[in-house]
Amino acid sequence: MGAEFGIGASVKRKEDFRFVTGRGNYLDDINRPGQAYGYFVRSPYAHAKIAGIDAKKASKMPGVVRVLTGADLEADKIGGLICGWNVKSKDGTDTRMPKHPALASDTVRYVGDAIALVVAETYAQARDAAEAVKVKYDVLPAQIDVSKADKKGAAIVHADVRRNMAYDWEIGDKKATDAAFAKAAHVAKLDLVNNRVAPNAMEPRAAIGEYSASDDSFTLYTTSQNPHVARLVLSAFVQIAPEHKLRVVSPDMGGGFGSKIFIYPDETAVIWAAKKVGRPVKWTSDRAEAFQTDCHGRDHVTHVELALDQGGKFLGLRVSTKANMGAYLSTFASCVPSYLYGTLLQGQYTTGAIHCEVKAVFTHTTPVDAVRGAGRPEATYVIERIIDVAARDLKIDPADLRRRNMIQPNAFPYQTQVALQYDSGNYPAALTKALEIADYKGFAQRRDEAKRRGKLRGIGLSSYIEACGIAPSAVVGALGCGVGLYEGATVRMNPTGSAIVYIGSHSHGQGHETTFSQVVHERLGVPFEQIEIVHGDTGKIPFGMGTYGSRSIAVGGVALQNAVDKLIEKGRKIAAHKLEVAESDIQFKDGTYSVVGTDKKTSFAEVTFAAYVPHNYPAGLEPGMEATAFYDPANFTFPAGTHVCEVEVDPDTGGVEVVKWSACDDFGRIINPMIVEGQVHGGIAHGIGQALLEGCVYDKSGQLLTASYMDYAMPRADNFPTIKVDTIQTPCPHNALGVKGCGEAGAIAAPPAVVNAIANALNVKHVEMPATAERVWQALNA
Amino acid sequence: MATHKVTMKVNGKAVSGEVESRTLLVHFLRETLRLTGTHVGCDTSQCGACTVHMNGESVKSCSLFAVQCEGQDIQTIEGVATGDQLHPMQQAFKDNHGLQCGYCTPGMIMTALDMVRRIPSPSEQEIRKNLEGNMCRCTGYHNIVKSIAAGAKAMAGAR
Ligand code: FES
Ligand code: FES
């Protein structure tokens, strides 16, 4: 249809008007009639027995409606929070999933663990009263160091979990890998840490619980990337209410980055409290709470070895990782350092044998779960770092070493050593293009020029791959996932020709209202501005699994495309009737049905009108023009590409400046290049943040030292150079749109590119993230 | 807790309300006046999501008590457009994909307007430096910088 608003056009976003004028509808912007406010009493200790809770004084403070504790929760038989993915250990045993009550009544296990919910007339009154709740703690030793968490003498997080071990998992072929290493001409080795990061969506999490006594139903307004998953968990496991009596609404949302996938204690307590106090209860996290309670990401300690032959071919990769789960298993925590990590260790390369083992352990820290990239940044960091170590050992150009080992474009489908089957790609082409954009050849000159200015200039590459569009339900089911990972979309045409799309994907910055409208406009010809995209309300949309893992276009978009196809097929029957020909004589193109070889035609809008005013209509055909499709993908999608980072280091201070960024990504077919580019920019910034600035720091007792923006370094505008990105497009062969997804690529690609560039500038083997000035200076002066 | 009556001008209109001594300007705007375009992103005056103008200059509305604004002239994001006609800076953010989730955007635009008042045609480096009080997690700032440059240009053209 019209190129201006169709697939491939950089259409300006339709959601922007409300956001630039301050008319967005974020959660804290919502107030419900009669609403009270909640504030949580949280543990100031990483590990302690709760010896007593005295809320007498707090209950009498001005405006206080009620103080609720874990004992009330238990009395009401409200269940604990769950982890939805059972990752089996090497020995076949299940993931240890310890109890996780929404309000701790017996033991607290991290700083920020919720103990009581104070409900009052105003937020300030609730907060004042929360301070007056007296909790008596018997403080216990805390286990913070992940590398020692499974060792003798470690403080135990859950009495029923031996050695703090959630699971001890492996993937790949150990024997074959050992054999590959036995043949190696060279083995590169590295110990590295993937630093713990806080997600930091700019809008803090929030929730309003509301109970309607007239029909005994609940409505939960919550910041959720997947409202149906929240409803399912709160119904089936927490037992708030059956699914048909619980509606979950997630309105405009100020970013997610994974942190708003999970079902947290906070919204659980709030929705329960609403019925208890008979009024809507609103809770909005402040930033300190967000740092303490939004699930953190990464936090791996890894040893990696790469075996190479004489010619620099990768023979084998051996990886051993300890992954920090924090104090409880969050909703999808278990799959992140296993199935989203170990399965990606093939990277873009033909490595002959791979073995990876992961010990997932509990510590007395904030729970760790998916953050933008989830598992794939960790895998990419391991691969792309060890390749540079090998290149340095063997004095081979890092770009050349990568190219020598890349899977060739004619090798697809490519069965990896770690379970996945790559469907398509052209890794050498993306590498070539990225190096061109970066003017890789001209680097030596730039390095020399920088040297004259007293700066050390370095260049670093990262050739990443990710598995997106999660995922075929049968596959994830076989791997222990408790849910299916399809998506649902409904297209409802209105008699006058406008369209409403109801979709399970949730937009919180990705621009779905624009992208999905382009998909509908392209096929049906409905004017772009007459398409409404509805998401984030279980009372309206078909059952859907939501947005994470770069799946909105690759799963939700394809469901939408399939629903559109159903409408086109129905319309064909109506058109054939109207034009008095056989269905087979009708062709559909650009929103119009026409009779092949004649000038007889009718538009989709006319056919739609006929479907709602079926006076002259095919016999036996149902009126109406509405279709729903659920799409369960046949495989993951595999976006890939190469990013090139250049840094300058000030040798006097160790300060690192990223001076140049060039990238070429392959996201398959692109619906809106402007939006895709924006997603890549954001991802890169997120990854540079992790590499240079960000990191959650706990002291030995388990206090989170980085619980505000004074202490946790967020990337700011002057931390970045202008970013140059381009794409190649190898369409995904197994979905109707040919799309792959783009939301996480930058965050996955960036960290190793930065660290490789710093190691190159300093001519050292490794620098840990975040590569702060101090760390870099130490590395330089070691 | 003692309450006070405050009166100020917000987006050109005289408004008043009862506030506690500790009520922040941002909460007065959001809760009392229901002007929810001004956002809260932190508790330490770092993120800039709450940026508004007081007497024409940008301030972080989380760092002022409402009572401190007695008699002052406040402008929020809701007062920037003329009806449905976007201000050139708002238009520039839309045209250059300067926003994703939109949460930081009102603060970014209010900061940008103050920046252009002080530096009518800022260079890329000046824009980046002058955004140090505003955080965005979505965009990587690239398109925000572009938007502000374009907005500044459009504003110069309109003068
Ligand atoms: S709310 Fe973050 S600076 Fe005001
Ligand atoms: S657009 Fe989301 S924080 Fe800036």
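Letters go in sequence order (proteins before strands), and every chain restarts at 1.
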So what's closer than 4.5 Å to chain B heavy atoms on [X]: side chain, backbone, both or neither?
X: A:Ile684; result: neither
X: A:Met253; result: backbone
X: A:Tyr26; result: side chain

Just so I understand: if I count every heavy-atom pair under 4.5 Å between each of A:Gly682, A:Ala288, A:Ser708 and chain B, which residue has the most? A:Gly682

Quick check on the interface: out of B:Asn143, B:Leu99, B:Leu131, who has the most heavy-atom pairs with chain A under 4.5 Å? B:Leu99

Could you check which of B:Ala81, B:Cys101, B:Cys42, B:Gly140 has the highest count of heavy-atom pairs closer than 4.5 Å to chain A? B:Cys101

Looking at side-chain heavy atoms only, is the closest gap between B:Cys69 and B:Met8 below 4.5 Å? yes

When A:Trp283 is tested against each of A:Tyr221, A:Tyr39, A:Phe40 for ring-ring contact (aromatic ring centres under 6.0 Å, His included), which residue passes? A:Phe40

Enumerate by number any residue of residues 16-30 of chain B whose heavy atoms lie under 4.5 Å from heavy atoms of chain A; in the absence of such residues, state 'none'. B:Arg22, B:Arg30

Residues in residues 46-58 of chain B near chain A [non-hydrogen atoms, under 4.5 Å]: B:Gln46, B:Cys47

Is it true that the side chains of A:Thr514 and A:Glu15 contain a donor and an acceptor less than 3.5 Å apart? yes

Whatever's closer than 4.5 Å to a heavy atom in chain A on B:Asn96 counts as neither

Spell out, as yes or no, whether a donor-acceptor pair under 3.5 Å connects the side chain of A:Glu694 to the backbone of A:Met714. no

